[in-house]
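Reading through the structure tokens given below for one structure.
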Amino acid sequence: MGFEFSVITESLPALFEGAKLTWFITIIGIVGGMICGILAGLGRIAGTEALGEEPHGIFKSISVVIRYVSGGYVETIRGTPIIVQAMFLYFAFPMLVKAVTDIERFRIEALTAAVITIVFNAGAYIAEIVRGSVISVNKGLLEAGMSLGISRFQLIVHVIGPIAFRRMIPPLGNQFIISLKDTSLFIVIGVGELTRQGQEIMASNFRALEIWLTVAVMYLIMTTVLAMSLRQIERKMKIF
Amino acid sequence: MSNIIELKNVCKSFGDTEVLHNIDLSIQEGEVVVVIGPSGSGKSTLIRCINCLEMISSGELVVDTVRIPEERGRVRQIRLEVGMVFQQFNLFPHMTAIGNVAFGPAKARKMGKTKAENIARELLDRVGLADFENKLPGQLSGGQQQRVAIARALAVSPKVLLFDEPTSALDPEMIGEVLDVMKSIAKDSGMTMVVVTHEMGFAAQVGDRLIFMDDGRIVEAGKPEEVMKNPKSERLKDFLGHVKHH
Ligand SMILES: Nc1ncnc2c1ncn2[C@@H]1O[C@H](COP(=O)(O)OP(=O)(O)O)[C@@H](O)[C@H]1O
Ligand SMILES: [Mg+2]
């Protein structure tokens, strides 16, 4: 059994379908993860000096609650394996629903479970990236902004945001690539992404070398596209 | 003339440490007050309390009709009327010179972009930086950055400007250009200014009042020349001796 190039060409259509699904899950994961991550990352430092100045009265209590909720989310996700999260959501969560409500036939599609898992997983790590970048912004700049009489919202959008975002890009690139590769774990809940497609073809023709090489190259192409897009954004923002 | 800033029995603590003790101070509209004192005496804390970057721990602060602590929710109103210039300039690094200056009018005063930029251009011209409007802070010298920072503070048309050692981070040859801008603001616009500085020449030339702080208290205050010529306390005599030798 030598290296058969035809095996690759024959399996390409199926692998390509898998790659498309991998890309789809990743992009939703990145976009959703950014939204979750920004909310939770800012949530973890709500009401602290990193976002302007400490609030008083009722807002102080609200910000404490927001900090605990965000912190609980981040620590729970970071503290459990993504594969366990996916299996919990796909297999265990419907049972939990059945146990506490009357809904008998509650089901989550495998793809839905995969997307939700990757969004919340990426979100937790991105939250830490956001928090780290925001607290690294020079406090003097916040004071300069506040001294002009701008609102906290304007301060976050126009001062903290752009400066922090610039610092987020390298670690975000890391996280995006990790998220893309993490989609391969959804093989355990039967999502037909790239790794699963490879596994299925392999099971029928036993051509491990050709198949896993092709799968590896396809992952590499996708991660390279991600990395290069971020480099592009970084270059555009390299003005200060 | 009426008082634009009033501190009544103001104390400020950080944790258990009280760093301002029972400060009473009234500043009139148009007055230029120079604050001197040794490092750690509370000069920065005092002026940062005026625009509520630090919240007073007790006592009362009145800035242009806004009363603190009763009206804590109106802190932004105070900040619109009280600008600040920092020792470290603190220009927004991602905005050009004109972007920095136009930011306040556009966002805090909610003006249109063109109007805000026109104001900014006028002010950059006034601080002698008309040709530098498209430069980023990183491309400007310290003296130029501080002049942009002064223009930025002026751009929201405040009634009061606070300066916290505006020339202390500058190379000696750039101190003059910044002091000149500050002098022209004091003389031409009748702006109320509170300036923490060790530039005694500036104090003598444009200061209406000189305040000497030590250990969180106002120890001496009066006409700059008089205070400098006839210091009453040993601490001030000592301090002036040190300043003169620099
Ligand atoms: N944010 C802070 N937290 C704790 N202590 C502070 C803080 N800011 C200032 N201090 C203390 O308050 C005292 C006065 O400081 P400051 O007002 O900066 O003095 P000055 O400007 O005259 O050098 C110092 O002892 C300083 O250590
Ligand atoms: Mg100081």
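Below, chain A is the first sequence line, B the second, and so on; all start at residue 1. Computed from a predicted structure; not experimentally measured.
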Open item on the list: Looking at chain B, which one of A/G145, A/G57, A/A144 has the largest number of heavy-atom pairs inside 4.5 Å, strictly under?
Closed with: A/A144
So for [X], is it side chain, backbone, both, or neither that comes closer than 4.5 Å to the heavy atoms of chain A?
X	result
B/R152	both
B/V85	neither
B/L162	neither

Assess, by modelled atom type and distance only, whether the side chains of [X] and [Y] contain a donor and an acceptor separated by less than 3.5 Å.
X	Y	answer
A/T117	A/Q85	no
B/E165	B/S168	yes
A/Y125	A/S179	no

Open item on the list: For A/E53, which atoms come within 4.5 Å of any heavy atom of chain B: side chain, backbone, both, or neither?
Closed with: side chain
Task: Exceeds 12 heavy-atom contacts within 6.0 angstrom, atom NZ of A/K181 - done: no
Task: Contact winner vs chain A - B/V75, B/N51, B/I78, B/L80, heavy-atom pairs under 4.5 Å - done: B/L80
Task: Verdict with supporting geometry, A/I129 and A/Q175, side-chain contact (heavy atoms from CB on, under 4.5 Å) - done: CA-CA 9 Å; A/I129 295 172; A/Q175 182 53 45; 4.0 Å; yes
